[in-house]
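Structure first, commentary second.
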2 protein chains.
Amino acid sequence: MTTRRPTVVQVARRAGVSIASVSRVLNGKAARPDTTDRVRAAAAELGYLPDAAARSLKLGSGRQVTLAVDDIGNPVYSELMQGVVDGLSGSGARLSIASTGQEPSELSALVRNLSRGLADGLVISPLRRSSELLRSLVDSPIPVVVVGNLADAVPLDSVRIDSAGAVRLAYRHLQSMGAARIAFVGGPPDTAPGSARLTAFRQLAQHDDGRVLVTGSFTVRSGERAWNKLAALSKAERPDAVLAANDLLALGILRGALSAGVAVPEQLAVAGIDDITFARVFSPALTSVSLRSRERGRLAAELLQHRMSEPSAPPQMRTVTPRLVVRESTCRS
Amino acid sequence: MTTRRPTVVQVARRAGVSIASVSRVLNGKAARPDTTDRVRAAAAELGYLPDAAARSLKLGSGRQVTLAVDDIGNPVYSELMQGVVDGLSGSGARLSIASTGQEPSELSALVRNLSRGLADGLVISPLRRSSELLRSLVDSPIPVVVVGNLADAVPLDSVRIDSAGAVRLAYRHLQSMGAARIAFVGGPPDTAPGSARLTAFRQLAQHDDGRVLVTGSFTVRSGERAWNKLAALSKAERPDAVLAANDLLALGILRGALSAGVAVPEQLAVAGIDDITFARVFSPALTSVSLRSRERGRLAAELLQHRMSEPSAPPQMRTVTPRLVVRESTCRS
DNA sequence: TTGTAAGCGTTATCAT
DNA sequence: ATGATAACGCTTACAA
């Protein structure tokens, strides 16, 4: 039960060598074959595992990566997380999750409190990019990779997405399906993706009469509320297509419309952004623009590992191309 | 940029006291008021944060909790994770995720490799409970809480669920809605929940002619495949209700049925188990039995913290009661 | 109440 | 090639 974990000392004793030799062998440095064997054998017999805390203390850094997001409940972040796991796999690094839940971005505070040993590297995907947060990130004593579109001047590794392109893809698709009045259901405008996608839509629709609704959160509930507002419009004003700023909002719209007996896509076409795993499962399956969350997570993990091994390299950037996935909610084939 | 993190030594120098006083003050031990003030001030000015690795090494344990699950992609586990976060919040403990992804449960290996400092406590929800895994858990040098139904003899803290009760709830409900032939779509029988739910169904349906299908995984795809088998049955054999072993399977059935033009619930009623967040969003919304994943996560975190502070207390057990949530997929109101 | 010093388990430097 | 030893930053007897 309370067997004390074996340390290098026990291994050394058992192998009849010094602790230095044990450390060397276990870290793959050269040693005489028989020394190597004896140490390996002793370690195996004792079930020795190095103490991560001690190693981290000595080395000045462990292999602990933290992923910080605003809301782990959103499937997008689960996928991002899976991507990070993919990118980390094989490196021996471990992943921690830090989610601030619903609170208005406590991420800055969280970032400041990441002490070494708890986190040796950070992947962060902040909904809101306050200058305070950016400052904490730039000043962070540990390597940071941001998943999101930073201003070019910010000296941080980042994985970006072409937001405007994503919105355009969906918008053009809806148009090509014959939609005349396309409404936009946006997320909170004070968030980075919220404002980027809103701006992109406004630019695209400036000559069309696209109605714009803004919601308080990127959730299904908000989508349902937005639907209610849409349903209250006069017949002439009612859109024949909705472009939602993310899939959760789109699903809310979808649910609202179907409950009200509106046929999708016949009477109302609906498209989202993110292409969460569930998008294809719904009925009708949701047309969406994939932002490749999993790939972004993987790329972020790669950038982070690069930076952890090469702390003073110039900041790098990866950009992921959005991809339209047409399904039943816009096009009954 | 590469500012070396301040340590107790710098704080002590700045405050004009010894490192011992710094440690004492920062850990809330009594000290003279002016000493306290000077230390606090110095720490604040320097932006001092204790090194988690060093503290963990010295104390023999940090506050790092690991959650190990088979597949983070399943929303049930996201909810479990959120529950663990809830239960940990305020305790200063941090959460790590370990997921083996799709691989045939490598959890045993994972558990054996949890070195101290990386994980000071473990919450594990294993799909398969091999005796090998159980042994690693019982022998684990760090506190462990299992989310799942252990044999009573296993001396481990656990959070359990009444599987048989959950299946019964759904079965009786389907019967009460007038279903005559209820089919069961089970998960992999070599998993703990897979076999428990299957056994429960067989017991309930032994006098009825309930058909039983078994799938290879708890996923939407498997559900869709199961639907195809169901659809291939002769009209006389076809069920008028399906009870799926989890919501992902149920959603697959739902999707298959709707695509085939089968009306749900009129021609086929569908019920799942787990009550994932998305269950209510689907159309028709999915009837499901809630296993209160989030609450189970919270309870697991509480048990773990208790054990971490009281290592030799007798094993505890919490049992969560399943709850039927009736929605449109079984009952058009 | 405060300071000195030991030690947690590891890696790395320096002799040998 | 190997062994003795110092050091990473922290907490905690023990002394003063």
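Chain identifiers are assigned alphabetically (A, B, ...) following the order of the sequence lines, protein sequences preceding nucleic acid strands; residue numbering begins at 1 within each chain.
Within the structure, a side-chain polar atom (N or O) of R55(B) is placed less than 4.0 Å from OP1 or OP2 of dT11(D). OP1 or OP2 of dT2(D) has at least one side-chain nitrogen or oxygen of R32(A) nearer than 4.0 Å. Applying the 4.0 Å criterion to OP1 and OP2 of dT2(C), one finds that S18(B) has every side-chain N and O outside that range. A close approach under 4.0 Å does not occur between any side-chain nitrogen or oxygen of T7(B) and OP1 or OP2 of dC8(D). K29(B) has a side-chain polar atom (N or O) that falls below the 4.0 Å cut-off from OP1 or OP2 of dT12(D). Look at S21(B) and you won't find any side-chain N or O under 4.0 angstrom from OP1 or OP2 of dT2(C).
Side-chain atoms of L133(B) and R128(B), non-hydrogen and from C-beta on, never get closer than 4.5 Å to each other. Proximity of I72(B) to V85(A): side-chain heavy atoms (C-beta onward) are nowhere separated by under 4.5 Å. For the pair R55(A)/N27(A), a side-chain contact is recorded, criterion being any heavy-atom separation below 4.5 Å from C-beta on.
Atom pair D120(A):CG and dC8(D):C1' shows a separation of 14 Å (rounding to whole Å applied). The separation between L59(B) atom CG and dA6(C) atom P is 20 Å, rounded to whole Å. Regarding L57(A), its CG atom lies at a distance of 12 Å from the C1' atom of dG7(C), rounded to whole Å. Going from atom CG of L26(B) over to atom C1' of dC10(D) covers 11 Å, rounded to whole Å.
When heavy atoms are screened at a 4.0 angstrom cut-off, S56(A) is found touching no nucleic acid atom at all. Here V17(B) lies in heavy-atom contact (under 4.0 Å) with sugar-phosphate atoms only.
The pair D152(B)-R160(B) counts as a salt bridge, with a side-chain nitrogen and a carboxylate oxygen less than 4.0 angstrom apart. Using a 4.0 Å cut-off between charged nitrogen and carboxylate oxygen, D34(A) and R38(A) count as a salt-bridge pair.
Mapping I19(A) and V22(B) onto DNA chain D via the closest heavy atom, the residue that lands nearer the 5' end is I19(A). Each of A20(B) and S23(A) was assigned the nucleotide of DNA chain C with the nearest heavy atom; the assignment lying further toward the 5' end belongs to A20(B).
The side chain of A54(A) sits closest to dG9(C) out of dT5(D), dG9(C), dG7(C).
Between the side chain of K58(A) and the base of dA7(D) there is at least one donor-acceptor pair of N/O atoms closer than 3.5 Å. Taking 3.5 Å as the limit, the base of dG3(C) and the side chain of R24(B) contain a donor-acceptor pair of atoms between them.
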